Amino acid sequence: MKIFSRFTPLLVMGMLAITIALSGCGKDALQKAVKDAFIKGDTTETTYQAICDIITGNPEKYSAYVDADGNINTDALDEMINEVGQSLRPPMTWNTKNYGQRALSLSIYFERSGSMVPYDQASGAGQLKKAVNDLINFFPGGENASINIVNDNIYPYSGTVESFLQDRDIYASTKGIGDASYTDFKVIFDKIFQAQKPGNVAVLITDLIYSPKNTAGVSVSKIFNEENSLATSIFTKYKGKSIIVNQLRGDYDGMYYPYNGNSFHYKGLRPFYAIIIADASTIDRMVKDTRFTNFLNLQGTVNTYRFNQAHTTLDYKLVPVWKNNAGRFRESRDQKGLITNCEPDRETGIIAFSVAVNFGGLQKDEAFLSNPSNFTIQSQNGFTMKVEKIMPTDITGNTKTYLDGMTHVITFTGKMNTAKEEINVNLRNDFPAWIAQSTSDDDSSASTAGFANTTFGLERFLRGIYDAFSASQANYTSMTIKLEK
């Protein structure tokens, strides 16, 4: 009895330790599986799937990694995985972005109206058909795309994807499908939205000319107001969607049908549009996946704009050595965005500092990003800003640490007349200037100024979409820098 009593405390302590260890493993089974994968060097898709199985086996416990549809929240899981990896010594990373994601599907909606046929004539360069083919070819799994013909309604294409790609006269092959005398955008957009399932990406190829039935005697103003209201009413019902409007130009050789009904022959360039429609989260996913780079950056695109783009968190780093810097300063190690020990240049009294930023997720062209007028900057001392794209020659031994993974450098210049300063920068979500510049309210003659570059009523329709979506999001991204002397 005495021997037993001597070892009882040790036995109890041992059992308690085992219990704690087991309960700890149960509580952190997900993170333990991730840590084990790093330690064993088994960072494969098979292991990733086993980690996902832990989540799906207990979705209530791991709700932080499950989205509203019950699917794995891959962004949240990726963040946790790499946080575990960074806690190890040495730190490790694991690229899981392409794992565990439902394959996306592609649906092409090809407008076959009277004003679209001249884009695909033997006399032209075939820019329109090439753009559609590129969209299919550059979409992973595009060989399984569904193809539809649209005008007064939506009709399934009778051929295969391969026959569509190889067809040299697609309008001749689709002759007689639907009523080509008008395009019913309300029916088309409503049916596209209703047909979309999670993970579907739809693309409408169109000239975006609003041409409803029975418009004889109706004023242009009434048509434009109707067009604007129609767009807003359609897109307001689908707040979770995001729309990318790509403007391209193609050779046109044939009859043009203006609003007033007096058709005429035109040969030359004309705008057309590839409109990408998907859940906003789907497009966000595509932006991060390099397999979709050519699809989202369609060759031949002249202008582009994404409607319903969420505010993007901006990644940035102070660049201590840069050609435009002046004065002295130091980045705080404890607080991101805080610059301390600020001393102006002795000769000019100016302080200029630069930060490298990553604009890659914003889907904006270089002309837009490099134009300071698209930014608002607020500061007590009136700081100004300059935006420069990072060139390969800019990345040297002194700058590589700061410029790797970044796309632009922003230089802030001003005087420190106060002990502290706060600079707030916003990239505004304004209605794009190119849309107004691409709009015509008179398409009665090819001699009308800008006929080759404008679309009748374009602004009113796209403004309707903007009012339904993007007007509620004031800025694409924001950044705050604090300065202290």
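All of these numbers come straight from a predicted model, not from anything done at the bench. For the numbers below, each heavy atom of this structure counts, side chains included, while hydrogens, waters and symmetry mates do not.
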- Task: List the steps and the verdict of ring pair (Phe, Tyr, Trp, His ring centres under 6.0 Å) for Phe110 and Tyr171.
- Result: CA-CA 10 Å; Phe110 190 73; Tyr171 286 112; 5.2 Å; yes
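- A salt bridge links Arg291 to Asp289: at least one charged side-chain nitrogen sits closer than 4.0 Å to a carboxylate oxygen.
- Checked against the 6.0 Å centroid criterion, the rings of Phe292 and Phe138 do not qualify as a close aromatic pair.
- In the model, Thr477 has no side-chain atom that pairs as donor or acceptor with a side-chain atom of Thr312 under 3.5 Å.
- Below 30°, between 30° and 60°, or above 60°: for Phe431 and Tyr466 the angle between ring planes is above 60°, a perpendicular geometry.
- The existence of a salt bridge linking Asp207 and Arg270 is excluded, since no basic side-chain nitrogen approaches an acidic carboxylate oxygen closer than 4.0 Å.
- With contacts defined as side-chain heavy-atom distances shorter than 4.5 Å, the pair Asn225/Ile223 does not qualify.
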- Message: Between Tyr119 and Tyr252, is the ring pair (Phe, Tyr, Trp, His ring centres under 6.0 Å) condition met? List the steps.
- Response: CA-CA 5 Å; Tyr119 282 104; Tyr252 189 104; 5.1 Å; yes
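- Residues Asp443 and Tyr256 bring a donor and an acceptor atom of their side chains to less than 3.5 Å of each other.
- For Thr232 and Asp467, the side-chain atoms include no donor-acceptor pair closer than 3.5 Å.
- In summary, the side chains of Asn151 and Thr183 do not present any donor paired with an acceptor at a separation below 3.5 Å, with no hydrogens or angles considered.
- With hydrogens and angles left out, the side-chain atoms of Asn371 and Ser373 include a donor and acceptor closer than 3.5 Å.
- The closest side-chain donor-acceptor pair between Asn308 and Lys239, if any, does not fall under 3.5 angstrom.
- Between Glu422 atom CD and Leu483 atom CG the span is 9.5 Å, to the nearest 0.5 Å.
- Two residues are said to be in side-chain contact when any heavy atoms from C-beta on lie closer than 4.5 Å; Asn153 and Ile188 fail this criterion.
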- Message: One pair to check against side chain to side chain contact (heavy atoms under 4.5 Å, CB included): Thr206 and Ile275. What are the steps and the verdict?
- Response: CA-CA 8 Å; Thr206 174; Ile275 303 176; 3.9 Å; yes
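- A side-chain donor-acceptor contact under 3.5 Å links Asp42 and Thr44.
- Of the N and O atoms on the side chains of Gln309 and Lys364, at least one donor lies less than 3.5 Å from an acceptor on the other residue.
- Aromatic ring centres of Phe189 and Phe235 lie closer together than 6.0 Å.
- At most 12 heavy atoms of other shown residues, nucleotides or ligands fall within 6.0 angstrom of atom NZ in Lys222.
- Under the 3.5 Å distance criterion, with hydrogens and angles disregarded, no donor-acceptor pair is assigned to the side chains of Thr43 and Tyr48.
- Between Phe193 and Tyr238, the ring-plane angle classifies as parallel under the 30° and 60° cut-offs.
- Ile277 has its side chain within reach of Ile243: a pair of non-hydrogen atoms, C-beta onward, lies under 4.5 Å apart.
- With hydrogens and angles left out, the side-chain atoms of Asn453 and Ser438 include no donor and acceptor closer than 3.5 Å.
- No side-chain donor-acceptor contact under 3.5 Å links Ser354 and Asn324.
- For the pair Asp120 (side chain) and Lys129 (backbone), a donor-acceptor distance under 3.5 Å is absent.
- Glu226 and Tyr210 form a side-chain donor-acceptor contact under 3.5 Å, judged by distance and modelled atom types alone.
- Looking at every heavy atom in both residues, Ser113 comes nearest to Glu111 through OG-OE2, 2.8 Å.
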- Just do the ring pair (Phe, Tyr, Trp, His ring centres under 6.0 Å) check on Phe456 and Tyr257 with the steps written out, would you? CA-CA 11 Å; Phe456 182 72; Tyr257 301 90; over 10 Å; no
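- A salt bridge is defined here as a Lys NZ or Arg NE, NH1 or NH2 lying under 4.0 Å from an Asp or Glu carboxylate O, and Arg285 with Asp75 fails to meet this definition.
- Contact of the Thr439 side chain with the Phe461 side chain is not registered, since no non-hydrogen atoms from C-beta on lie closer than 4.5 Å.
- For the residue pair Ser173 / Asp167, a side-chain donor-acceptor distance below 3.5 Å is found, with atom types taken as modelled.
- Other residues, nucleotides and ligands place no more than 12 heavy atoms under 6.0 Å from the NZ atom of Lys175.
- A heavy-atom distance below 4.5 Å is not found between the side chains of Thr236 and Ile234.
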- Pair Phe412-Phe383, ring pair (Phe, Tyr, Trp, His ring centres under 6.0 Å): steps then yes or no: CA-CA 6 Å; Phe412 297 94; Phe383 272 77; 7.5 Å; no
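- Side-chain contact check for Phe295 versus Leu135: some heavy-atom pair is nearer than 4.5 Å.
- Heavy atoms of other residues, nucleotides or ligands lying less than 6.0 angstrom from CD of Gln299 number 12 at most.
- Inspection of the Asp442 and Ser440 side chains reveals no N or O donor paired with an N or O acceptor under 3.5 Å.
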